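Taking it in order: structure first as structure tokens, then the write-up.
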Amino acid sequence: MDMTTIKCIGILTSGGDAPGMNAAVRAVTRCAIYNDIEVKGIYRGYKGLITGEIEQFKTQNVSNIIQRGGTILKTARCQEFRTPEGRKQAYDKLKEEGIDALVVIGGDGTLTGARIFAQEFNYPIVGLPGTIDNDLFGTDVTIGYDTALNTIMECVDKIRDTATSHDRLFFIEVMGRDAGFLALNGAVAAGAEAAIIPEIAMEKDQLAETIESGFRKSKNSSIVLVAESEVTGGAMGVAERVKREYPSFDVRVTILGHLQRGGSPTAQDRILASRMGIAAIDALLDDQRNVMIGIQNDQIVYVPFSKAIKNDKPINRDLLDAVRILSL
Ligand code: ATP
């Protein structure tokens, strides 16, 4: 299908919700309408695509949402979309609704599904990276990451009051699903003593290094950010090790959990989502297919789905040094 035949696009959000998804939905919708393309909002991700929870979107449908967290389109996990039969149903629904191309907003799983679907049916899809984890290759940041990072910083600031008052060692678990971006950057932003992240779990014993490198020499309380991970066991796993191996410490665990997902998006996330939403429509008009919109050095880039999904995005190792040096 070439660009001249795109008269109507569908838009959906899928996987975990992330602040800024609404700003992206707004931008995609308005930029499409600006270019005389019809827009259909698809509810509950791939699930609503299969069941046909679809509504015509006008510019008013996305009024007053730029400042709201979550996603007005709702989101869902969808087992059926993982099967060829489920995807065929989705394709039939798109034909029935007259939707010529899709814009999907989500994380790694969402883009994996999009890639498989696009190949199977030779169907044009553009993806936007919407996840607080920041774990997509080919883009410096993802929509929702900055807001989550700020939330983590504020939470750690509050926990520090208690940590300091009681001379305690706190392990604070943050999200990331095997990616240390939130933990590492959160540690720098909140002035934590260390970050324990899965990316370097195989290289060295981060807990032993932290405790043995003069940790708490000059301080009575400490805060360590831990990325959720099966490799390290997350904050619980690390705290249990401390109780066994360093029993003199008074240890506490806080798991920030879903606190990190919600809230009004930061200016940075709103601007990122707005630019990426416009870029998604530009990409479709430019005959780009099966790419994720990324941002590198403040420039919009097109990243093939295969690259965005398959490659692991590296952490910035300078930040490991920053945490170590600044926690003296
Ligand atoms: P987050 O990173 O915030 O969790 P995500 O997009 O990675 O978001 P997932 O639950 O992994 O969230 O994926 C969302 C949906 O994408 C799944 O529920 C499923 O419908 C679809 N999906 C994921 N992986 C595949 C796959 N291999 N084949 C087909 N569809 C998939």
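Values below: every heavy atom of this structure, side chains too, minus hydrogens, waters and symmetry copies. This one's a predicted model, so the numbers in the text were calculated from it and none came from an experiment. In each ligand, atom 1 is the first atom listed, and ligand 1 is the first ligand listed.
By the criterion of side-chain heavy atoms lying less than 4.5 angstrom apart, applied directly or through intervening Ile, Leu, Val, Met, Phe, Trp or Tyr residues, I66 is not grouped with I281; the two fall into different hydrophobic clusters. Linking ILVMFWY side-chain heavy atoms closer than 4.5 Å, directly or via other members, places V141 and Y302 in a single hydrophobic cluster. I65 and L128 fall within the same hydrophobic cluster, defined by Ile, Leu, Val, Met, Phe, Trp and Tyr side-chain heavy atoms under 4.5 Å apart, directly or through other members.
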Subject >> Audit row: K93, E80, salt bridge (Lys or Arg N to Asp or Glu O under 4.0 Å) steps and yes/no >> reply: CA-CA 14 Å; K93 192 59 76 176; E80 299 91 307; over 6 Å; no

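The side chain to side chain donor-acceptor pair (under 3.5 Å) test with K313 is passed by exactly one of D135, N134, T139, D140: N134. Test R87, R115, K88 against E120 for side chain to side chain donor-acceptor pair (under 3.5 Å) and you get one pass: R87.
With a heavy-atom cut-off of 4.0 Å, I116 touches ligand 1 through its side chain alone. For K47, no heavy-atom contact with ligand 1 is shorter than 4.0 Å. Contacts between F81 and ligand 1, counted as non-hydrogen atom pairs separated by less than 4.0 Å, involve both the backbone and the side chain.
Any N or O atom pair closer than 3.5 Å counts here, and C78 shares at least one such pair with ligand 1. Looking at ligand 1, you won't find any N or O of A76 less than 3.5 Å from one of its N or O atoms. In terms of N/O distances under 3.5 Å, ligand 1 is not approached by T112. Checked by distance only, ligand 1 and D108 come closer than 3.5 Å through their nitrogen or oxygen atoms. Close N/O approach between R87 and ligand 1 is not found [any backbone or side-chain N/O within under 3.5 Å]. Where the criterion is an N or O separation shorter than 3.5 Å, residue side chain and backbone included, R261 fails it with respect to ligand 1.
A donor atom on one side chain and an acceptor atom on the other are not found under 3.5 Å apart for T147 and R261.
Within a 6.0 Å sphere centred on CG of D312, other residues, nucleotides and ligands contribute 12 heavy atoms or fewer. Open room surrounds CE on M236; 12 or fewer heavy atoms of other groups in view lie less than 6.0 Å from it.
Atoms of ligand 1 found under 4.0 Å from any heavy atom of G16 (numbered from 1 in listed order, with element): 1 (P), 3 (O), 4 (O), 8 (O). Atom numbering of ligand 1 starts at 1 in the shown order; those under 4.0 Å from a heavy atom of T131 are 2 (O), 3 (O). Near G107, meaning under 4.0 Å from one of its heavy atoms, ligand 1 places the atoms 2 (O), 5 (P), 6 (O), 7 (O), 8 (O). Within the listing of ligand 1, atoms 4 (O), 9 (P), 10 (O), 12 (O), 18 (O) sit less than 4.0 angstrom from a heavy atom of R77. Which parts of ligand 1 touch T110 is read off a 4.0 Å heavy-atom cut-off, strictly below it: atoms 5 (P), 6 (O), 13 (O), 14 (C), 16 (O). Within ligand 1, the atoms closer than 4.0 Å to a non-hydrogen atom of Y46 are 16 (O), 20 (O), 21 (C), numbered from 1 in the order shown.
Between F121 and F117, the ring-plane angle classifies as tilted under the 30° and 60° cut-offs.
One option in G15, G109, G106, G113 has a heavy atom closer to atom 16 (O) of ligand 1 than any other, and that option is G109. Here the shortest heavy-atom distance to atom 25 (C) of ligand 1, taken over M175, R115, R82, belongs to R82.
Scanning the protein for heavy atoms near atom 15 (C) of ligand 1, the closest one is S14 OG, 3.6 Å.
The side-chain heavy atoms of L102 and L49, taken from C-beta on, include a pair separated by under 4.5 Å. Within the 4.5 Å cutoff, side-chain heavy atoms of Y145 are placed close to those of L182.
Residue R177 places a heavy atom under 4.0 Å from ligand 1.
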